[in-house]
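Beneath this line is the structure, given in structure tokens, with notes to follow.
Within every chain, numbering begins at 1; the chains are lettered A, B, ... in the order of the sequence lines, protein sequences first and strands thereafter. Values in this document were obtained by computation on a predicted structure and should not be read as measured data.
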Amino acid sequence: MSLSPKITLISADPSRLDPAAVDQLEASARYEGIERVVGLPDLHVGAGIAVGAAFWSPDRVWPHLVGGDIGCGIGLWELSSPVRKFRLGSVERKLYGLDEAWSGDTLAAVAGFGLPPNLAGLALGTIGGGNHFVEFQRIEEVVDGERFDALGLQADRVWMMVHSGSRGLGQAVLQAHRTEPAGAGMLAAGPAGQAYLTEHDQALAWAVLNRRIIAQRFREAIGAEARPVLDICHNCVTPHLGGWLHRKGAAPADRGLVAIPGSRGDFSYLVEPIADSADQALCSLAHGAGRKWSRSDAHARLSARFRIADLQRTALGSHVICEDRRLIYEEAPQAYKDIRRVVADLEHAGLVRVIAQLRPLLSYKTRATS
DNA sequence: ATGTGC
């Protein structure tokens, strides 16, 4: 069976991609008004829509091609703390109270982002669940030293990666604007499209603010200063080449530096997109390693083989704070693809240049017990 | 994914 001509798969070996995820791409490519679809090397099955994909239309938008976690993305900060002074046990003892509501001024925070006061909810400044996390890292290897130095980055500092999104807000926006059937979508210029895009843009801004507050809470907890390196959203729809580009678990290649996290037990990569060849991939990049096993498979297979304590340390020696007994299995490194292959596929396609490799020190998921 | 559905 041949692939729809609308679809491009970014992979050195497309036969390795999950056929079920490619079927989901095919289904989306059949929507009237979709002209191009890209599957990235971290492509995997999602709830109706493949994750690790980009979709372009000249005139229509589909709320469910973005999904419920509008604005979800990765923020990266360079901390003032030198790696040589980073003590795992000491840091772990400071990371308490971070699942609870933020004690700061949420009204002032949303106002500062041009958002209405009704969006100053209790979830603002919290990570959430699923694959969201905060991770302390150190530079394992500077691959492009010239570029690393030119960016003013420092290899001897602790770095902090935040993966979170718009929590309940994006979900509410999807709920309010989803079309029936989902594949119908709406004209971007029409009243329904404009109403969706307005609320979508608010959820996007809220997610950026959320990551910023999370970063502030965590760096305050460990007593460090933080310098922003990047903030990249991988679930959104934005104007592109006179039309509309939907990214569902896809990082932008036209907004500067990108961080691509591996699983919690693997390296992350700081990369620079290469503009010349970006169009083949709809100006998009992999957003992470991508799931290899479903959540239920991961739990079934790994809970039979490992104790919780086995999963609180990773093969790279990093620690994991996840007191949710189901989530720690669902998010185990074994459930994810090999990030090295994902990044190699992006390099092979001429989409990125690796600047640095980051090693996990401590991954924070949740203190909430289950 | 979800200030979570029965």
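- Not counting sequence neighbours, Arg178(A) has no partner by the salt bridge (charged side-chain N to carboxylate O under 4.0 Å, His left out) test.
- Taking Asp13(A) as the reference, Ser15(A), Arg16(A) meet the side chain to side chain contact (heavy atoms under 4.5 Å, CB included) condition, with sequence neighbours excluded.
- For Val208(A), the side chain to side chain contact (heavy atoms under 4.5 Å, CB included) partners two or more places apart in sequence, or in a different chain, are Phe113(A), Arg211(A), Arg212(A), Asp231(A).
- When the salt bridge (charged side-chain N to carboxylate O under 4.0 Å, His left out) test is applied to Arg359(A), the partners found at least two apart in sequence or on another chain are Glu140(A).
- Going from atom CG of Leu124(A) over to atom P of dT2(B) covers 13 Å, rounded to whole Å.
- Here Gln280(A) pairs with Ile10(A), Ser277(A), Ala349(A), Leu351(A) under the side chain to side chain contact (heavy atoms under 4.5 Å, CB included) rule; sequence neighbours left out.
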Scan nucleotides 3-6 of chain B against the protein and return all N/O pairs shorter than 3.5 Å with their distances rounded to 0.1 Å.
residue, atom, partner, partner atom, Å
dG3(B), OP1, Gly168(A), N, 3.1
dG3(B), OP2, Arg167(A), NH1, 2.8
dG3(B), OP2, Gly168(A), N, 2.7

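- Within 4.0 Å (heavy atoms only), Gly128(A) reaches sugar-phosphate atoms of the nucleic acid but no base atom.
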